Amino acid sequence: MKRQGSCLCAAVSFEIDGDFEQFFLCHCQHCQKDTGSAHAANLFSHTATLKWHEGQGLVKTFRLPGTHHQRAFCSQCGSAMPYLLSEFSMLVVPAGSLDDNLQMKPNAHLFMASRADWDNELEKVHKLDALPGQ
């Protein structure tokens, strides 16, 4: 299956060809820092391939020294981008970077011991379709 993806500013676009084996929501402190949120939502594949359409030169990668934690991002807008985690021969794709609808549901929450204190019972929080007052 082929899926399209891009960054927020649309300077980077890519295609993923193949299936994802896992979909994890990671609550580790590293993922909280690099997403600015409660968790990262990443898809993993040992067989899918990544093809850049536009802006590959704008994609920068950061590796946290002494860890397996890595992230790729558009250097113009900061959007999370796919990358190859070479020591595991695994493609990592931030779920939010895909333009196509994803039917796959997460397999598991990871590093729950590090979960943010405020990330609890969020299904009970009031839901709005737009900004408040709009």
Side-chain angles (χ1 to χ4, degrees):
M1 172 174 251
K2 292 186 180 185
R3 293 178 179 89
Q4 305 301 313
S6 61
C7 66
L8 183 62
C9 70
V12 178
S13 63
F14 60 88
E15 178 178 280
I16 305 296
D17 187 3
D19 294 321
F20 299 113
E21 296 144 17
Q22 302 289 332
F23 183 3
F24 293 126
L25 304 178
C26 183
H27 295 263
C28 79
Q29 291 177 339
H30 302 319
C31 285
Q32 289 177 40
K33 289 286 185 187
D34 74 28
T35 64
S37 189
H39 59 77
N42 289 314
L43 300 148
F44 297 87
S45 179
H46 286 96
T47 58
T49 58
L50 168 63
K51 178 181 176 184
W52 297 103
H53 290 301
E54 298 285 335
Q56 181 179 4
L58 295 171
V59 178
K60 303 300 178 201
T61 303
F62 171 77
R63 176 81 180 242
L64 187 62
T67 73
H68 294 294
H69 188 82
Q70 181 174 315
R71 82 180 293 262
F73 55 94
C74 171
S75 60
Q76 287 190 172
C77 67
S79 295
M81 293 282 99
Y83 61 90
L84 181 64
L85 195 54
S86 57
E87 65 266 35
F88 299 111
S89 298
M90 186 171 359
L91 180 63
V92 180
V93 180
S97 69
L98 295 176
D99 297 332
D100 302 327
N101 288 330
L102 181 66
Q103 300 302 315
M104 185 177 191
K105 301 295 183 205
N107 298 92
H109 289 268
L110 306 177
F111 294 98
M112 290 301 287
S114 301
R115 187 180 74 190
D117 291 341
W118 53 268
D119 182 17
N120 193 18
E121 298 184 11
L122 296 180
E123 66 279 357
K124 295 180 181 179
V125 176
H126 188 69
K127 295 165 184 62
L128 305 170
D129 289 333
L131 290 172
Q134 291 189 8

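All figures in this text were calculated on a predicted structure; none of them were measured in a lab. Each residue takes its place number in the sequence, starting with 1.
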Determine the minimum heavy-atom distance between [X] and [Y], stating which atoms define it.
| X | Y | value |
| --- | --- | --- |
| Met90 | Leu84 | O-CD1, 3.3 Å |
| Gln76 | Cys9 | NE2-SG, 3.5 Å |
| Asp117 | Asn120 | O-CB, 4.2 Å |
| Thr49 | Leu91 | C-CD2, 4.2 Å |
| Phe111 | Cys26 | CD1-SG, 3.6 Å |
| Cys77 | Cys7 | SG-CB, 3.7 Å |

query: With sequence neighbours left out, what residues match Ser45 under side chain to side chain contact (heavy atoms under 4.5 Å, CB included)?
result: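 Ser45: side chain to side chain contact (heavy atoms under 4.5 Å, CB included) contacts with Phe20, Glu21, Thr47, Ala48.
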Could you tell me which residues satisfy ring-ring contact (aromatic ring centres under 6.0 Å, His included) with [X], sequence neighbours excluded, listed by chain and number?
| X | result |
| --- | --- |
| Phe44 | Phe24 |
| Phe62 | none |
| His68 | Phe88 |

query: Taking a hydrophobic cluster as the set of Ile, Leu, Val, Met, Phe, Trp and Tyr residues connected by side-chain heavy atoms closer than 4.5 Å, whether directly or through intermediates, do Leu50 and Met81 fall within one such cluster?
result: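 Both belong to a single hydrophobic cluster.
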field: Full working for side chain to side chain contact (heavy atoms under 4.5 Å, CB included) between Val93 and Asn42
entry: CA-CA 6 Å; Val93 180; Asn42 289 314; over 6 Å; no
message: Enumerate the salt bridge (charged side-chain N to carboxylate O under 4.0 Å, His left out) contacts for residues 78-101, please, sequence neighbours excluded, ordered by first and then second residue.
response: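 Output for this query lists Arg63-Glu87.
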- prompt: Can you check whether Phe23 reaches Leu102 side chain to side chain, under 4.5 Å on heavy atoms?
  reply: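 Yes - at least one pair of side-chain heavy atoms lies under 4.5 Å apart.
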query: salt bridge (charged side-chain N to carboxylate O under 4.0 Å, His left out) with Lys127: which residues, sequence neighbours excluded?
result: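 Residues passing salt bridge (charged side-chain N to carboxylate O under 4.0 Å, His left out) with Lys127: none at all.
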- prompt: Do the ring planes of His30 and His69 sit parallel (below 30°), tilted (30 to 60°) or perpendicular (above 60°)?
  reply: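 Tilted.
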message: Given Asp119, which partner from the list His39, His27, Gln32 fulfils the side-chain hydrogen bond (donor to acceptor under 3.5 Å, both in side chains) test?
response: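 Exactly one candidate clears the test, His27.
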